Amino acid sequence: MQVEEMINRDMGERVGDPAIDGGHPVAVLVQNEETDVFELQEAELEKVLLDPRIADKHVCVLAVAGAFRKGKSFLLDFLLRFMNAQQSTDFLNDTDKPLTGFKWRQGSKRETTGVLIWSEPFLVKRKSGEEIAVVLMDTQGTFDTQSSMKDSTVVFALTTMVSSVLIYNLMNNIQEDDLMNLQLFTSYGMMAQEDTPDTAHPFQRLHFLVRDWGFPYEVPYGHQGGQHLLDEILQVTEKQHPAHQEVRRDLRKCFRDINCYLMPHPGFKVIQKANFDGRLKDIEQEFVEHLKILVPRLLAPENLVKKEIGGQPIKSRDLLKFFTIFMEVFKDNDLPEPTTLVEFAAKASSQAAMEAGKSLYNDQMDALVGGDRPFLKTVQMEHEHERIMALAIQTYLEKNKYGRKNQSVVERYQALLVEEIDKLHEKYSQQNEAKNVFKAARTPATLFSILMFFYLLSGVFGLFGMYSFANVCNLAMGIFIIMLTLWAYVRYSGEYRDIGVHIDEVASFLWENVISPIYSTYMEKHLKEAAEQAAQTAVTGALANGKLKSS
């Protein structure tokens with residue numbers, strides 16, 4: 001009994017200096033002491049996920065979950081050490097360095113509460129050149145003496161939903177109740193998966209990590225031994241209870257990838273030494289050797305799993321919305337039914353699909369009129385806008401796998417997508433019109449044309465002795481000279497821009513209501529005929545010259 005208690009105490013969570021290489025743990029889910037309700041710390045979450053370095057990067061969320069006092073934070077700090085060592089295989093060379101990062105301490109009382117993430121996500125470059133943001137997440141242990149069933153459910157559910165790699169931290173072996181704890185979420189996964197392709201999975205990678213594996217003579221430590229044990233445990237047989245068969249089938253269907261690693265005991269110095277601070281010299285060498293295998297395996301660039309919603313990889317900024325949507329499900333005091341979680345899946349899937357549609361519209365319009373692309377005729381741009389918007393909506397509907405069973409949610413997010421596209425359309429329209437050289441020259445051309453009109457009219461009135469009318473024309477001419485001068489000054493100095501806007505409005509009014517109608521009615525036809533006649537004359541002359549030369 002004494003040995004069992006010592007093992008159950010494990011490495012726990014050390015209270016030490018949490019800062020490491022500039023980073024620190026950030027509490028993103030905190031339990032209100034007065035109401036006992038978990039509250040999302042959106043401001044803290046925004047600082048991490050909306051960091052300009054990672055906001056538009058795809059994200060891998062690696063979370064460690066499981067029962068309390070089983071060394072989750074202890075493990076995460078080794079992951080931190082590996083990432084801060086630039087993923088070097090020498091990350092455990094310093095045997096006299098205390099282990100810092102997420103808080104942990106010795107003893108039987110819990111330290112971590114709620115959900116924490118590391119303040120500095122790590123950017124990892126793959127062979128393809130793509131950079132992925134890696135977010136490490138620590139969670140409150142489930143089923144401790146201070147937490148209610150709902151507390152454990154909220155933390156475990158959030159961890160399962162937002163992670164792309166879920167490390168299920170277990171002690172000694174994989175027990176039936178460990179599998180049953182996943183039952184609620186596999187049930188949700190199966191419901192959310194209805195009417196989707198057989199290859200779809202609500203969740204991505206589940207990694208069982210069995211600590212203090214006590215039967216290495218039967219199944220060896222490591223990945224291969226763990227996989228052998230896992231395959232044996234997840235095998236469905238006729239002798240099993242139907243509920244046990246169901247949870248095994250559901251696990252396979254809900255997680256795209258399930259694997260297992262068996263770890264040895266870290267040594268009795270770890271649990272007996274009151275002032276143990278994580279130095280490797282106090283840990284059994286066999287445990288350290290397996291850390292050197294396990295940690296790089298979890299964080300190798302090729303093993304990083306992008307967080308997906310409805311099969312659509314999401315970016316860091318989208319993950320923030322995902323957190324918010326999830327917490328709406330748990331805002332009431334009662335535990336959510338699986339149907340409520342299915343509605344959450346519909347919202348999350350619709351949100352991700354909406355971002356995909358918006359991104360498609362943004363990319364294609366940017367290629368059409370963005371940056372240094374030349375001016376596109378307004379009519380043609382409107383035609384392209386309608387075509388690309390229809391394509392974006394089609395993309396939204398195709399990628400919204402888990403939203404199809406909740407039509408109201410699908411329609412609501414489709415309306416939001418149209419609103420977002422309208423805003424982008426307005427931006428690109430303004431950007432395109434700014435490139436229209438003729439429109440930019442419209443104001444000075446209009447003002448100069450009106451000015452010349454009054455100049456000629458003044459001369460005509462003066463010629464016939466109608467000096468009063470000539471003076472009125474001179475006054476109007478002076479007004480337009482002042483307007484043209486002011487417009488030029490505003491354009492080139494950047495001052496008095498409001499005056500420039502009013503002058504542009506006056507010029508646009510005169511162009512649309514005076515000059516353009518006169519041109520269309522009296523001049524356009526004659527100019528077109530003159531141009532055609534000139535072109536015909538030029539062609540005839542060229543042919544004549546050609547015949548003369550050939551003769």
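Side chains are part of it too, since the values below use all heavy atoms of this structure and drop only hydrogens, waters and symmetry mates. Remember, predicted model here, so these are calculated numbers, not experimental data.
- Here the closest heavy-atom approach between residue Asn432 and residue Pro374 is recorded as OD1-O, 4.2 Å.
- The two residues Met354 and Tyr396 have their closest heavy-atom pair at N-CD1, 3.4 Å.
- Proximity of His58 to Glu130: side-chain heavy atoms (C-beta onward) are separated by under 4.5 Å at one or more points.
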request  = Given side-chain contact (heavy atoms from CB on, under 4.5 Å), test Leu136 with Ile117 step by step and report yes or no.
outcome  = CA-CA 6 Å; Leu136 298 181; Ile117 61 175; over 6 Å; no
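- Rounded to the nearest 0.5 angstrom, Glu411 CD and Ser350 OG are separated by 10.5 Å.
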Can I get a per-line list of side-chain donor-acceptor pairs under 3.5 Å for residues 464-486, giving both atom names and the distance, sequence neighbours left out?
{"residue": "Asn471", "atom": "ND2", "partner": "Tyr467", "partner atom": "O", "Å": "3.2"}
{"residue": "Asn474", "atom": "OD1", "partner": "Ser458", "partner atom": "OG", "Å": "2.7"}
{"residue": "Asn474", "atom": "ND2", "partner": "Ala470", "partner atom": "O", "Å": "3.3"}
{"residue": "Thr485", "atom": "OG1", "partner": "Ile481", "partner atom": "O", "Å": "2.8"}

task = For the pair Ile54 and Val59, evaluate side-chain contact (heavy atoms from CB on, under 4.5 Å) and give the outcome as yes or no after the intermediate values.
result = CA-CA 8 Å; Ile54 69 159; Val59 61; over 6 Å; no
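- Side-chain polar atoms of Tyr361 and His385 form a donor-acceptor pair below 3.5 angstrom.
- Glu46 CD to Phe323 CZ: the interatomic distance, rounded to the nearest 0.5 Å, is 12.5 Å.
- Here the side chains of Val135 and Leu62 are not in contact, with every heavy-atom distance at 4.5 Å or above.
- Of all heavy-atom pairs between Lys307 and Val162, the closest is CD-O, 3.4 Å.
- By the 4.0 Å N-to-carboxylate-O rule, Asp138 lies too far from Lys72 to be salt-bridged with it.
- Atoms CG and OG, from Leu49 and Ser316 in turn, are 4.0 Å apart once rounded to the nearest 0.5 Å.
- With respect to Asp257 and Arg205, a salt bridge is recorded, a charged nitrogen being found less than 4.0 Å from a carboxylate O.
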inquiry  = Go through it in stages, so that I can follow the logic: the residues are Tyr413 and Asn400, the test is side chain to side chain donor-acceptor pair (under 3.5 Å), and I'd like the CA-CA distance, side-chain angles, deciding distance and then a yes or no.
reply    = CA-CA 10 Å; Tyr413 278 86; Asn400 197 356; over 6 Å; no
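- Within a 6.0 Å sphere centred on CZ of Phe461, other residues, nucleotides and ligands contribute more than 12 heavy atoms.
- With values rounded to the nearest 0.5 angstrom, Ser429 atom OG is found 3.5 Å from Met381 atom CE.
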request  = Quick one: do Leu116 and Val26 satisfy side-chain contact (heavy atoms from CB on, under 4.5 Å)? Show the steps, please.
outcome  = CA-CA 5 Å; Leu116 302 95; Val26 174; over 6 Å; no
message = Does Glu44 form a salt bridge (Lys or Arg N to Asp or Glu O under 4.0 Å) with Lys47? I'd like the steps, not just the answer.
response = CA-CA 5 Å; Glu44 296 299 321; Lys47 291 177 185 177; 3.5 Å; yes
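- Inter-residue side-chain proximity for Gln364 and Leu391 is flagged as met; some heavy-atom pair is nearer than 4.5 Å.
- Using modelled atom types, one side-chain atom of Thr139 and one backbone atom of Val64 make a donor-acceptor pair closer than 3.5 Å.
- For the pair Asn362 (side chain) and Lys358 (backbone), a donor-acceptor distance under 3.5 Å is absent.
- Arg81 contributes atom CZ, which lies 8.5 Å from atom CZ of Phe91 (distance to the nearest 0.5 angstrom).
- In this structure, Arg373 and Ala367 approach most closely via the heavy-atom pair NE-O, 3.1 Å.
- Checked by atom type and distance alone, the side chain of Gln351 never pairs as donor or acceptor with a backbone atom of Asp318 at under 3.5 Å.
- His425 and Glu382 share a donor-acceptor pair across their side chains, judged by distance under 3.5 Å alone.
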key: side-chain contact (heavy atoms from CB on, under 4.5 Å) assessment of Glu39 paired with Gln41   = CA-CA 6 Å; Glu39 298 173 350; Gln41 307 299 298; 4.0 Å; yes
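- Here the side chains of Met137 and Val61 are in contact, with some heavy-atom distance below 4.5 Å.
- For the atom pair CG of Leu320 and OG1 of Thr324, the computed distance is 5.0 Å after rounding to the nearest 0.5 Å.
- For Glu495, the side chain to side chain donor-acceptor pair (under 3.5 Å) criterion is met by Tyr489, not counting sequence neighbours.
- Between Arg126 and Glu131 no salt bridge is recorded (no basic side-chain N to carboxylate O distance below 4.0 Å).
- Lys306 and Pro313 get closest at one heavy-atom pair: CD-CB, 4.2 Å.
- Within the 4.5 Å cutoff, the side chain of Gln431 has no heavy atoms near those of the Val369 side chain.
- The closest donor-acceptor contact from the side chain of Ser164 to the backbone of Val305 lies under 3.5 Å.
- The pair Glu384-Lys377 does not count as a salt bridge, with every side-chain nitrogen at least 4.0 angstrom from each carboxylate oxygen.
- A 4.5 Å side-chain heavy-atom check between Glu308 and Ile314 finds every atom pair outside the cut-off.
- Between Gln204 and Val165 the shortest side-chain heavy-atom distance does not fall below 4.5 Å.
- A donor atom on one side chain and an acceptor atom on the other are found under 3.5 Å apart for Glu398 and Gln394.
- Salt bridge status for Lys315 with Glu355: absent, with no side-chain N to carboxylate O gap under 4.0 Å.
- Nearest approach of Leu304 to Cys60, heavy atoms of both residues: CD2-SG, 4.1 Å.
- Side-chain contact between Leu510 and Val506 is present, with at least one heavy-atom pair separated by less than 4.5 Å.
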